[in-house]
Amino acid sequence: MALTEPGYRPRLVDSRIARYMSLFGALSIEGPKWCGKTWTALNHANSAVYILDPENNYSTREAARLNPAAILTGKKPLLVDEWQEAPGIWDAVRFASDRTKEKGLYILTGSVTPKDGSFVHSGAGRIGKIRMRTMSLCESGDSSGAASISELFDGGTIEPDASGLSQERLIDLAVRGGWPENIGVAKEDAGILPEQYNIALAGTDITSADNVKRNPELVLHLLASIARTNVTSALLNTIVTDVQGRFAETTRQTVAEYLSVLTRLYVVEEIPQWFPELRDKLRLRKAPKRMLADPSIAVSALKARPSDLMRDPRTLGGIFENLCLR
């Protein structure tokens with residue numbers, strides 16, 4: 001019986017998880033912190049191991065680092081939460097899946113991509129990967145989900161309708177974001193969680209990703225620059241110029257390194273350019289768009305109030321596109 005938590009809101013990715021678990025021995029669910037990975041994984045798991053359980057001075061993490069296979073006990077499917085804290089788990093899971101040939105044995109959740117060389121085997125053919133994001137408006141109950149873009153591309157149609165969401169309400173939803181813990185929070189408090197998310201990201205997460213100390217103020221300024229150019233094909237030089245306006249000694253290489261870590265933390269995502277013709281050369285030559293994982297990150301990074309966005313349609317346009325893509 002699955003370990004589904006009380007109050008769990010079904011996610012669109014649930015059906016894909018079930019499908020992949022029938023095809024692979026293990027499944028890795030990847031995405032930003034607080035997007036709901038653990039609760040969703042519990043909806044498909046029969047037992048769980050929490051690598052960052054602080055009990056007995058993080059004894060589970062230490063045991064996993066010493067002997068990863070030793071913690072892979074419990075009723076299957078087994079969830080291993082924040083597995084990247086003991087990267088050897090990946091190879092142990094891959095080996096166990098390969099040896100038994102059974103499907104759907106393990107679910108791994110992680111909020112940062114480990115550095116290259118952290119494990120030996122890619123897991124190809126044994127461990128499937130699914131990218132999870134913050135909640136869409138359909139999942140949070142703020143949209144009907146009546147229109148399907150995938151069906152439209154398959155030749156379906158969309159019936160004309162009105163969403164009923166005013167511009168003011170769309171701004172409120174962008175400020176709140178798609179964080180499961182923020183659904184139902186009072187309007188006046190909705191921006192607090194994203195603000196704290198950015199602070200934690202800048203002060204702790206970006207350093208703990210690889211134990212390299214980084215400047216929190218520079219991280220926050222970088223997030224503001226990304227938010228300013230959100231969902232555009234802005235060149236790295238544009239962001240470097242923004243950062244150097246405040247931190248003059250910062251090099252292009254440093255900015256690129258910070259961006260790389262934010263991507264590994266699933267906070268920044270690259271959206272490939274789309275063209276209807278499969279062989280269009282611009283598919284390969286045009287730079288991808290850079291997008292933040294949730295519009296609320298951009299709103300908070302810009303320190304924008306709802307009234308500010310109402311008066312600035314250009315900035316609101318980028319925030320709205322971020323909301324639509326999410």
Side-chain angles (χ1 to χ4, degrees), residues 32-33 112-113 115-116 133-134 171 174-175 177 191 194-210 212-275 281-326:
K33 286 187 176 181
V112 58
T113 303
K115 292 187 295 184
D116 291 342
R133 298 169 175 85
T134 55
I171 290 174
V175 171
E195 178 187 45
Q196 292 299 307
Y197 184 94
N198 285 358
I199 291 173
L201 174 66
T204 304
D205 294 342
I206 199 166
T207 292
S208 62
D210 52 11
V212 175
K213 182 66 177 175
R214 295 185 172 88
N215 184 343
E217 291 301 318
L218 195 156
V219 176
L220 292 173
H221 196 71
L222 175 60
L223 285 174
S225 176
I226 299 170
R228 185 182 74 81
T229 58
N230 199 13
V231 202
T232 70
S233 301
L235 297 176
L236 176 60
N237 287 343
T238 301
I239 295 176
V240 171
T241 301
D242 285 351
V243 172
Q244 289 176 338
R246 169 85 179 276
F247 301 90
E249 302 302 317
T250 304
T251 65
R252 189 177 191 275
Q253 181 178 346
T254 297
V255 174
E257 176 199 326
Y258 275 49
L259 268 174
S260 175
V261 180
L262 290 173
T263 301
R264 286 178 50 217
L265 288 164
Y266 307 106
V267 173
V268 174
E269 184 171 358
E270 290 191 344
I271 308 297
Q273 294 287 352
W274 182 85
F275 297 92
K281 60 177 180 281
L282 291 179
R283 278 176 172 261
L284 303 177
R285 300 177 184 176
K286 196 167 177 61
K289 291 186 175 183
R290 189 179 289 109
M291 182 183 86
L292 288 164
D294 192 273
S296 66
I297 297 176
V299 173
S300 178
L302 293 170
K303 301 186 184 303
R305 299 169 299 177
S307 58
D308 297 327
L309 295 174
M310 288 288 285
R311 292 192 298 267
D312 188 344
R314 188 173 180 181
T315 299
L316 177 57
I319 299 293
F320 178 67
E321 187 171 352
N322 198 173
L323 179 68
C324 292
L325 282 168
R326 189 205 70 203

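Positions are given from 1 along the sequence.
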Are any non-hydrogen side-chain atoms of [X] and [Y] less than 4.5 angstrom apart?
X	Y	value
Arg214	Val261	yes
Leu292	Val268	yes
Glu269	Leu325	no
Val299	Ile171	no
Ser296	Tyr197	no
Met291	Asn230	yes
Asn215	Thr250	no
Leu201	Leu262	yes

Between atom [atom1] of [X] and atom [atom2] of [Y], what is the distance when rounded to the nearest 0.5 Å?
X	Y	atom1	atom2	value
Ile239	Arg252	CD1	CZ	10.5 Å
Arg228	Thr238	CZ	OG1	7.0 Å
Asp210	Arg264	CG	CZ	5.0 Å
Asp294	Ile319	CG	CD1	10.0 Å
Leu220	Ile199	CG	CD1	7.0 Å
Arg290	Leu235	CZ	CG	8.5 Å

Closest contact, heavy atoms only, [X] versus [Y]:
X	Y	value
Arg326	Ala293	CG-O, 4.2 Å
Ile206	Leu265	CA-CD1, 3.9 Å
Pro288	Glu270	CG-OE1, 3.6 Å
Ala256	Leu236	CB-CD2, 4.0 Å
Ala224	Ala301	CB-O, 3.6 Å
Leu302	Ala227	CG-CB, 3.7 Å

Set out, in order, the CA-CA distance, both residues' side-chain angles and the distance that settles side-chain contact (heavy atoms from CB on, under 4.5 Å) for Ile226 and Leu259, then state yes or no. CA-CA 9 Å; Ile226 299 170; Leu259 268 174; 3.5 Å; yes
OH/Tyr266: more than 12 non-hydrogen atoms of other groups inside 6.0 Å: yes
Looking only at atom types and distance, does a side-chain atom of Thr229 sit under 3.5 Å from a main-chain N or O of Ser225, one as donor and one as acceptor?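 Side chain of Thr229 to backbone of Ser225, a donor-acceptor pair under 3.5 Å: yes, one is there.
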State whether the side chain of Ser300 and the backbone N or O of Ile297 hold a donor-acceptor pair below 3.5 Å, judged by distance alone.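 Between the backbone of Ile297 and the side chain of Ser300 there is no qualifying donor-acceptor contact (under 3.5 Å).
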